[in-house]
Amino acid sequence: MAKKTVNVALIGTKFMGKAHSNAFRQVTKFFDLPVEPVMKVLCGRNPVETKELAAKYGWEEASTDWKKVIARNDIDVVDISVPGNMHHPMAIAAAKAGKHIICEKPLAANVKQAKEMLDAVTKAGVKNLCGFSYRFAPAIGTIKKMIANGDLGHIYHFRAAYQQDWIVDPEFPLNWRLQKKVAGCGALGDIGAHIIDMCQNLIGPVEEVAASMRTFIKKRPLTEGSATIAAAAGHKKSSKMGTVDVDDATIILAHIKGQDTLATFEATRFAPGRRNHNSIEVNGSKGSVLWNQEDMNIFQYYNVNDPGTLQGFRRIHATDSGHPYTGAWWPSAHIIGYEHLFTHEVHDFIAQLNSKKVTYPTFADGLACQKVLEAVEKATKSRKWEKV
Ligand code: SOE
(Lines give C-alpha, C1' and ligand atoms only; values in the text may rest on other atoms or scores of the structure.)
Protein backbone atom coordinates (compact mmCIF):
# COMPACT_ATOMS: atom_id res chain seq x y z
CA MET A 1 0.00 0.00 0.00
CA ALA A 2 1.28 3.47 -0.84
CA LYS A 3 2.43 5.54 2.11
CA LYS A 4 0.49 8.62 3.11
CA THR A 5 2.30 11.78 2.00
CA VAL A 6 2.58 15.41 3.13
CA ASN A 7 3.50 18.15 0.70
CA VAL A 8 6.20 20.56 1.80
CA ALA A 9 6.91 24.13 0.67
CA LEU A 10 10.29 25.59 1.64
CA ILE A 11 10.74 29.37 1.62
CA GLY A 12 14.42 30.35 1.43
CA THR A 13 17.20 29.26 -0.89
CA LYS A 14 20.42 30.34 0.82
CA PHE A 15 22.41 28.72 3.68
CA MET A 16 19.40 27.45 5.62
CA GLY A 17 17.36 26.80 2.46
CA LYS A 18 20.16 24.50 1.31
CA ALA A 19 20.44 22.78 4.73
CA HIS A 20 16.68 22.18 4.95
CA SER A 21 16.48 21.00 1.31
CA ASN A 22 19.20 18.47 2.03
CA ALA A 23 17.31 17.33 5.15
CA PHE A 24 14.07 16.70 3.28
CA ARG A 25 15.98 14.91 0.52
CA GLN A 26 17.85 12.62 2.93
CA VAL A 27 15.27 11.92 5.60
CA THR A 28 13.22 9.39 3.63
CA LYS A 29 16.36 7.61 2.45
CA PHE A 30 17.70 6.88 5.94
CA PHE A 31 14.68 6.82 8.24
CA ASP A 32 11.33 5.01 8.12
CA LEU A 33 8.67 7.64 8.53
CA PRO A 34 4.94 6.99 8.97
CA VAL A 35 4.23 9.66 6.38
CA GLU A 36 6.46 10.66 3.52
CA PRO A 37 7.34 14.33 2.96
CA VAL A 38 7.11 15.33 -0.71
CA MET A 39 9.41 18.17 -1.79
CA LYS A 40 6.72 20.14 -3.61
CA VAL A 41 7.86 23.72 -4.02
CA LEU A 42 10.92 25.88 -3.30
CA CYS A 43 10.24 29.58 -2.95
CA GLY A 44 12.87 32.31 -3.39
CA ARG A 45 13.20 35.91 -4.53
CA ASN A 46 15.19 35.48 -7.72
CA PRO A 47 13.16 33.55 -10.37
CA VAL A 48 16.10 32.21 -12.37
CA GLU A 49 18.16 31.20 -9.35
CA THR A 50 15.18 29.65 -7.53
CA LYS A 51 14.30 27.54 -10.57
CA GLU A 52 17.88 26.31 -10.88
CA LEU A 53 18.14 25.55 -7.17
CA ALA A 54 14.75 23.81 -7.05
CA ALA A 55 15.96 21.43 -9.76
CA LYS A 56 19.35 20.99 -8.11
CA TYR A 57 17.98 20.30 -4.61
CA GLY A 58 15.11 18.09 -5.78
CA TRP A 59 12.00 20.27 -5.45
CA GLU A 60 9.19 19.63 -7.94
CA GLU A 61 8.43 23.31 -8.54
CA ALA A 62 9.84 26.80 -8.02
CA SER A 63 8.00 29.97 -7.05
CA THR A 64 8.76 33.59 -6.19
CA ASP A 65 5.45 34.30 -4.47
CA TRP A 66 5.38 33.12 -0.86
CA LYS A 67 1.83 34.33 -0.28
CA LYS A 68 0.51 32.20 -3.15
CA VAL A 69 2.56 29.21 -2.03
CA ILE A 70 1.22 29.41 1.52
CA ALA A 71 -2.36 29.73 0.22
CA ARG A 72 -2.13 26.56 -1.92
CA ASN A 73 -4.53 23.80 -0.87
CA ASP A 74 -2.05 21.07 -1.71
CA ILE A 75 0.63 22.32 0.73
CA ASP A 76 0.64 20.74 4.23
CA VAL A 77 3.95 21.93 5.71
CA VAL A 78 5.59 25.36 5.32
CA ASP A 79 9.28 25.66 6.17
CA ILE A 80 10.42 29.25 6.80
CA SER A 81 14.18 29.51 6.25
CA VAL A 82 14.55 33.21 5.49
CA PRO A 83 16.01 36.25 7.35
CA GLY A 84 14.36 37.10 10.67
CA ASN A 85 12.22 40.04 9.54
CA MET A 86 10.04 37.72 7.41
CA HIS A 87 9.40 35.01 10.03
CA HIS A 88 6.43 36.79 11.58
CA PRO A 89 4.37 37.62 8.45
CA MET A 90 5.06 34.22 6.89
CA ALA A 91 4.30 32.20 10.02
CA ILE A 92 1.09 34.12 10.74
CA ALA A 93 -0.09 33.59 7.14
CA ALA A 94 0.85 29.89 7.23
CA ALA A 95 -0.94 29.32 10.55
CA LYS A 96 -4.07 31.06 9.25
CA ALA A 97 -3.94 28.78 6.21
CA GLY A 98 -3.78 25.74 8.54
CA LYS A 99 -0.24 24.66 7.62
CA HIS A 100 2.20 22.92 9.92
CA ILE A 101 5.25 25.17 10.31
CA ILE A 102 9.00 24.84 10.67
CA CYS A 103 10.63 28.23 11.34
CA GLU A 104 14.32 29.13 11.70
CA LYS A 105 15.67 30.73 14.86
CA PRO A 106 15.51 33.25 16.41
CA LEU A 107 11.75 32.85 16.12
CA ALA A 108 11.01 36.56 15.71
CA ALA A 109 12.40 40.07 15.90
CA ASN A 110 10.94 40.65 19.36
CA VAL A 111 8.78 39.12 22.10
CA LYS A 112 5.57 40.71 20.79
CA GLN A 113 5.98 39.05 17.39
CA ALA A 114 6.97 35.73 18.93
CA LYS A 115 3.85 35.78 21.14
CA GLU A 116 1.65 36.51 18.13
CA MET A 117 3.25 33.64 16.25
CA LEU A 118 2.70 31.23 19.14
CA ASP A 119 -0.92 32.41 19.51
CA ALA A 120 -1.50 31.91 15.78
CA VAL A 121 -0.22 28.29 15.70
CA THR A 122 -2.03 27.44 18.94
CA LYS A 123 -5.32 28.84 17.62
CA ALA A 124 -4.89 27.01 14.29
CA GLY A 125 -3.92 23.77 16.05
CA VAL A 126 -0.95 23.24 13.74
CA LYS A 127 2.39 21.65 14.59
CA ASN A 128 5.25 24.12 14.96
CA LEU A 129 9.01 23.77 15.27
CA CYS A 130 11.63 26.45 15.99
CA GLY A 131 14.99 25.57 14.43
CA PHE A 132 17.27 25.12 17.42
CA SER A 133 19.20 22.62 15.34
CA TYR A 134 21.98 21.80 17.84
CA ARG A 135 19.48 20.02 20.07
CA PHE A 136 19.58 17.29 17.42
CA ALA A 137 23.28 16.46 17.85
CA PRO A 138 23.56 12.93 19.27
CA ALA A 139 25.92 14.12 22.04
CA ILE A 140 23.40 16.71 23.20
CA GLY A 141 20.66 14.08 23.37
CA THR A 142 22.91 11.91 25.53
CA ILE A 143 23.97 14.79 27.77
CA LYS A 144 20.30 15.72 28.27
CA LYS A 145 19.55 12.19 29.43
CA MET A 146 22.55 12.19 31.78
CA ILE A 147 21.44 15.45 33.42
CA ALA A 148 17.82 14.26 33.71
CA ASN A 149 19.01 10.95 35.26
CA GLY A 150 20.97 12.90 37.87
CA ASP A 151 24.30 11.52 36.61
CA LEU A 152 25.91 14.94 37.08
CA GLY A 153 24.19 15.55 40.43
CA HIS A 154 23.34 19.12 41.37
CA ILE A 155 24.28 21.49 38.54
CA TYR A 156 26.49 24.34 39.75
CA HIS A 157 27.49 25.84 36.41
CA PHE A 158 26.25 26.00 32.84
CA ARG A 159 28.93 27.70 30.76
CA ALA A 160 28.43 28.31 27.07
CA ALA A 161 30.40 30.19 24.46
CA TYR A 162 29.34 30.44 20.83
CA GLN A 163 32.28 32.00 19.03
CA GLN A 164 32.67 32.79 15.33
CA ASP A 165 35.10 34.99 13.40
CA TRP A 166 33.55 35.72 10.01
CA ILE A 167 33.31 39.49 10.48
CA VAL A 168 36.63 40.19 12.19
CA ASP A 169 37.82 41.90 8.97
CA PRO A 170 36.49 45.51 9.11
CA GLU A 171 36.21 45.32 5.31
CA PHE A 172 33.62 42.53 5.52
CA PRO A 173 30.54 44.10 3.96
CA LEU A 174 27.34 45.07 5.74
CA ASN A 175 25.37 41.94 4.86
CA TRP A 176 21.81 41.27 6.07
CA ARG A 177 22.95 39.64 9.30
CA LEU A 178 24.46 42.98 10.36
CA GLN A 179 21.27 44.99 9.82
CA LYS A 180 18.63 45.08 12.53
CA LYS A 181 15.76 45.76 10.14
CA VAL A 182 16.45 42.47 8.31
CA ALA A 183 18.08 40.17 10.87
CA GLY A 184 16.25 41.58 13.90
CA CYS A 185 19.38 40.98 15.98
CA GLY A 186 23.15 40.46 15.90
CA ALA A 187 25.40 37.86 17.50
CA LEU A 188 23.04 37.62 20.46
CA GLY A 189 20.02 36.51 18.42
CA ASP A 190 21.87 34.62 15.71
CA ILE A 191 24.19 32.45 17.79
CA GLY A 192 23.43 33.45 21.39
CA ALA A 193 19.90 32.13 20.82
CA HIS A 194 21.32 28.63 20.28
CA ILE A 195 23.17 28.53 23.62
CA ILE A 196 20.32 30.14 25.55
CA ASP A 197 18.02 27.46 24.17
CA MET A 198 20.64 24.84 25.00
CA CYS A 199 20.59 25.97 28.64
CA GLN A 200 16.80 26.13 28.85
CA ASN A 201 16.56 22.68 27.26
CA LEU A 202 19.26 20.99 29.36
CA ILE A 203 19.18 22.81 32.69
CA GLY A 204 16.07 24.96 33.13
CA PRO A 205 14.51 28.34 32.37
CA VAL A 206 16.65 31.47 32.64
CA GLU A 207 15.10 33.67 35.32
CA GLU A 208 17.20 36.85 35.31
CA VAL A 209 20.21 38.25 33.49
CA ALA A 210 22.98 40.83 33.64
CA ALA A 211 24.69 41.56 30.35
CA SER A 212 26.97 43.63 28.16
CA MET A 213 26.73 44.01 24.38
CA ARG A 214 29.28 45.57 22.01
CA THR A 215 29.50 46.61 18.37
CA PHE A 216 33.24 46.80 17.73
CA ILE A 217 33.11 47.83 14.05
CA LYS A 218 30.40 50.43 13.65
CA LYS A 219 30.69 51.21 9.90
CA ARG A 220 31.16 48.71 7.09
CA PRO A 221 31.20 48.89 3.29
CA LEU A 222 27.80 48.45 1.69
CA THR A 223 27.54 45.40 -0.50
CA GLU A 224 26.11 45.18 -3.98
CA GLY A 225 25.14 41.52 -3.64
CA SER A 226 24.13 39.56 -0.60
CA ALA A 227 27.47 38.76 1.04
CA THR A 228 27.34 35.37 2.71
CA ILE A 229 29.34 34.13 5.66
CA ALA A 230 31.50 31.85 3.55
CA ALA A 231 32.29 34.23 0.73
CA ALA A 232 33.36 37.49 2.31
CA ALA A 233 36.32 38.07 0.05
CA GLY A 234 34.74 37.73 -3.35
CA HIS A 235 32.04 40.35 -2.85
CA LYS A 236 31.61 43.52 -4.81
CA LYS A 237 31.89 46.24 -2.23
CA SER A 238 30.70 49.75 -2.85
CA SER A 239 32.79 52.68 -1.60
CA LYS A 240 29.83 53.79 0.50
CA MET A 241 29.73 52.85 4.15
CA GLY A 242 26.72 51.78 6.20
CA THR A 243 26.06 51.56 9.93
CA VAL A 244 26.12 48.27 11.83
CA ASP A 245 23.17 48.50 14.21
CA VAL A 246 23.39 45.07 15.83
CA ASP A 247 25.80 43.63 18.41
CA ASP A 248 29.08 42.00 17.37
CA ALA A 249 29.39 40.32 20.77
CA THR A 250 27.35 39.81 23.93
CA ILE A 251 28.27 38.43 27.34
CA ILE A 252 25.60 37.33 29.81
CA LEU A 253 25.41 36.21 33.44
CA ALA A 254 22.26 34.34 34.36
CA HIS A 255 20.36 32.70 37.20
CA ILE A 256 18.19 29.65 36.53
CA LYS A 257 14.65 29.51 37.88
CA GLY A 258 14.30 27.46 41.07
CA GLN A 259 17.90 26.19 40.97
CA ASP A 260 21.10 27.17 42.67
CA THR A 261 22.97 27.33 39.36
CA LEU A 262 25.14 30.07 37.85
CA ALA A 263 25.13 30.31 34.06
CA THR A 264 27.30 32.32 31.68
CA PHE A 265 26.89 32.85 27.96
CA GLU A 266 29.19 34.41 25.40
CA ALA A 267 28.12 35.04 21.81
CA THR A 268 30.72 36.64 19.58
CA ARG A 269 31.65 36.98 15.93
CA PHE A 270 35.03 38.41 16.93
CA ALA A 271 37.04 35.38 18.04
CA PRO A 272 39.74 34.83 15.39
CA GLY A 273 40.28 31.14 14.73
CA ARG A 274 36.95 30.15 16.17
CA ARG A 275 34.96 29.40 13.02
CA ASN A 276 31.84 27.91 14.56
CA HIS A 277 32.87 27.12 18.10
CA ASN A 278 29.58 26.42 19.84
CA SER A 279 30.71 25.00 23.16
CA ILE A 280 29.09 24.09 26.45
CA GLU A 281 30.40 22.94 29.81
CA VAL A 282 28.20 21.69 32.63
CA ASN A 283 29.65 21.22 36.12
CA GLY A 284 27.67 19.24 38.66
CA SER A 285 28.28 17.75 42.11
CA LYS A 286 28.88 14.29 40.57
CA GLY A 287 30.76 15.28 37.43
CA SER A 288 31.13 17.48 34.38
CA VAL A 289 30.48 17.29 30.65
CA LEU A 290 32.01 19.30 27.79
CA TRP A 291 30.89 19.52 24.16
CA ASN A 292 31.81 21.64 21.20
CA GLN A 293 30.17 21.68 17.78
CA GLU A 294 33.45 21.71 15.86
CA ASP A 295 34.04 18.18 17.21
CA MET A 296 30.37 17.37 17.23
CA ASN A 297 30.44 13.59 17.60
CA ILE A 298 32.52 13.64 20.77
CA PHE A 299 31.77 14.77 24.31
CA GLN A 300 33.95 14.68 27.42
CA TYR A 301 32.72 13.29 30.73
CA TYR A 302 34.37 13.56 34.13
CA ASN A 303 32.96 11.37 36.91
CA VAL A 304 33.94 12.28 40.48
CA ASN A 305 33.36 8.65 41.51
CA ASP A 306 36.07 7.23 39.26
CA PRO A 307 38.98 5.76 41.30
CA GLY A 308 41.45 8.51 42.22
CA THR A 309 44.28 7.04 40.17
CA LEU A 310 42.09 7.01 37.06
CA GLN A 311 40.40 10.37 37.35
CA GLY A 312 40.22 12.51 34.26
CA PHE A 313 37.95 13.45 31.40
CA ARG A 314 36.77 10.51 29.26
CA ARG A 315 36.45 11.16 25.55
CA ILE A 316 33.15 9.61 24.52
CA HIS A 317 31.96 8.96 21.00
CA ALA A 318 28.33 10.03 20.89
CA THR A 319 27.72 7.64 18.02
CA ASP A 320 28.42 4.84 20.52
CA SER A 321 26.02 6.10 23.12
CA GLY A 322 22.85 4.41 21.93
CA HIS A 323 21.30 7.60 20.65
CA PRO A 324 18.17 7.01 18.54
CA TYR A 325 19.46 8.88 15.48
CA THR A 326 22.90 7.39 15.05
CA GLY A 327 21.82 3.86 14.16
CA ALA A 328 19.99 5.18 11.10
CA TRP A 329 23.27 6.35 9.59
CA TRP A 330 26.54 4.44 9.83
CA PRO A 331 28.18 1.90 12.13
CA SER A 332 29.54 3.21 15.42
CA ALA A 333 32.13 6.03 15.17
CA HIS A 334 31.57 6.51 11.44
CA ILE A 335 30.84 10.13 12.13
CA ILE A 336 27.98 12.37 11.09
CA GLY A 337 28.07 16.16 10.53
CA TYR A 338 26.34 19.54 10.65
CA GLU A 339 23.83 18.69 7.91
CA HIS A 340 22.56 15.67 9.83
CA LEU A 341 21.20 17.94 12.56
CA PHE A 342 18.65 19.31 10.11
CA THR A 343 17.74 15.83 8.90
CA HIS A 344 17.06 14.80 12.51
CA GLU A 345 15.00 17.97 13.00
CA VAL A 346 12.87 17.26 9.92
CA HIS A 347 12.62 13.60 10.96
CA ASP A 348 11.15 14.44 14.36
CA PHE A 349 8.78 17.00 12.91
CA ILE A 350 7.35 14.67 10.26
CA ALA A 351 7.35 11.59 12.52
CA GLN A 352 5.34 13.48 15.16
CA LEU A 353 2.82 15.21 12.88
CA ASN A 354 0.03 13.18 14.47
CA SER A 355 1.39 13.07 18.03
CA LYS A 356 -0.27 14.99 20.84
CA LYS A 357 3.03 15.64 22.65
CA VAL A 358 6.15 16.48 20.69
CA THR A 359 9.81 16.19 21.64
CA TYR A 360 11.30 18.88 19.38
CA PRO A 361 11.71 22.64 20.10
CA THR A 362 8.46 24.47 19.38
CA PHE A 363 7.35 28.09 19.01
CA ALA A 364 6.86 28.06 22.81
CA ASP A 365 10.62 27.42 23.15
CA GLY A 366 11.23 30.11 20.52
CA LEU A 367 9.22 32.57 22.62
CA ALA A 368 10.98 31.50 25.83
CA CYS A 369 14.33 32.22 24.15
CA GLN A 370 13.07 35.52 22.74
CA LYS A 371 12.14 36.67 26.26
CA VAL A 372 15.73 36.06 27.39
CA LEU A 373 17.10 37.96 24.36
CA GLU A 374 14.89 40.93 25.22
CA ALA A 375 15.89 40.84 28.91
CA VAL A 376 19.56 40.81 27.85
CA GLU A 377 19.06 43.96 25.75
CA LYS A 378 17.25 45.59 28.67
CA ALA A 379 20.00 44.61 31.14
CA THR A 380 22.67 46.00 28.82
CA LYS A 381 20.89 49.37 28.76
CA SER A 382 19.99 49.48 32.46
CA ARG A 383 23.34 48.01 33.64
CA LYS A 384 21.28 46.07 36.19
CA TRP A 385 19.98 42.52 36.64
CA GLU A 386 16.71 42.17 34.71
CA LYS A 387 13.99 39.54 35.11
CA VAL A 388 13.11 37.47 32.04
C1 SOE B 1 25.56 32.23 11.26
O2 SOE B 1 26.10 32.91 12.30
C3 SOE B 1 25.06 30.83 11.56
O4 SOE B 1 24.77 30.28 10.33
C5 SOE B 1 23.79 30.78 12.39
O6 SOE B 1 22.76 31.56 11.82
C7 SOE B 1 23.35 29.36 12.53
O8 SOE B 1 22.20 29.28 13.29
C9 SOE B 1 24.49 28.55 13.13
O10 SOE B 1 24.13 27.19 13.13
C11 SOE B 1 25.76 28.70 12.38
O12 SOE B 1 26.05 30.07 12.21
Side-chain angles (χ1 to χ4, degrees), residues 11-23 79-87 102-109 129-137 139-140 160-169 172-180 182-201 213 215-217 220 223 226-232 244 246-250 265-280 291-296 336-346 360-361 365-366 369-370 372-373:
I11 314 173
T13 59
K14 298 289 193 288
F15 181 11
M16 282 305 112
K18 190 176 176 183
H20 288 229
S21 293
N22 178 65
D79 181 333
I80 302 168
S81 289
V82 294
N85 64 332
M86 293 307 291
H87 291 184
I102 294 174
C103 183
E104 263 304 326
K105 44 50 61 181
L107 186 60
L129 179 150
C130 180
F132 293 118
S133 48
Y134 296 109
R135 281 200 195 189
F136 298 90
I140 297 302
Y162 199 150
Q163 301 158 289
Q164 297 182 336
D165 67 354
W166 55 277
I167 54 169
V168 166
D169 179 359
F172 185 94
L174 188 76
N175 80 355
W176 69 266
R177 286 182 195 268
L178 306 180
Q179 298 172 44
K180 197 168 174 61
V182 191
C185 56
L188 169 64
D190 181 30
I191 53 180
H194 279 301
I195 49 179
I196 289 165
D197 176 70
M198 192 73 87
C199 174
Q200 306 210 99
N201 175 38
M213 303 172 78
T215 304
F216 299 117
I217 306 289
R220 288 184 179 271
T223 169
S226 55
T228 60
I229 298 173
V244 179
V246 296
D247 61 301
D248 287 334
T250 295
F265 304 88
E266 188 181 340
T268 180
R269 293 163 168 167
F270 274 72
R274 298 295 200 193
R275 294 286 194 268
N276 196 43
H277 201 85
N278 174 7
S279 63
I280 61 161
W291 176 81
N292 130 49
Q293 187 277 161
E294 289 177 351
D295 200 5
M296 191 188 96
I336 59 170
Y338 179 71
E339 73 275 24
H340 295 79
L341 306 181
F342 299 92
T343 311
H344 300 162
E345 181 177 302
V346 161
Y360 51 77
D365 298 296
C369 180
Q370 206 82 46
V372 180
L373 302 181

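Start at 1 and go down the list; that is how both ligands and their atoms are numbered. Count residues from 1 along the sequence.
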Problem - Part of Y338 within contact of ligand 1 (heavy atoms, under 4.0 Å) - result: side chain
Practice task
Mind checking whether Q164 contacts ligand 1 via backbone (N, CA, C, O), side chain (CB onward), both or neither, at a 4.0 Å heavy-atom cut-off?
Solution key: side chain
Problem - Plane angle bin for Y162 and H194 - parallel if under 30°, tilted between 30 and 60°, otherwise perpendicular - result: tilted
Handout entry: Under-4.0 Å salt bridge between R177 and D190
Key = yes
Practice task
For Y134, take its heavy atoms, then give the atoms of ligand 1 lying under 4.0 Å from any of them.
Solution key: 9 (C), 10 (O), 11 (C)
Exercise for the section: Specify side chain, backbone, both or neither for H194, according to which of its non-hydrogen atoms lie closer than 4.0 Å to ligand 1. Expected result: side chain
Practice task
Work out whether the distance between some heavy atom of K105 and some atom of ligand 1 is less than 4.0 Å.
Solution key: yes
Exercise for the section: Assess the pair F342 and Y338: is the distance between their ring centroids shorter than 6.0 Å? Expected result: yes
Exercise for the section: Looking only at distances, please establish whether an N/O atom of ligand 1 is found under 3.5 Å from an N/O atom of S133. Expected result: no
Handout entry: Test item: R269 and W166 side chains (from C-beta on) under 4.5 Å apart, heavy atoms
Key = yes
Exercise for the section: Examine the proximity of ligand 1 to N278 and report which part, side chain or backbone, both or neither, has a heavy atom under 4.0 Å away. Expected result: neither
Handout entry: Location of contacts on Y162 toward ligand 1, heavy atoms closer than 4.0 Å
Key = side chain
Exercise for the section: State if R177 counts as touching ligand 1 under the rule of any non-hydrogen atom under 4.0 Å. Expected result: yes
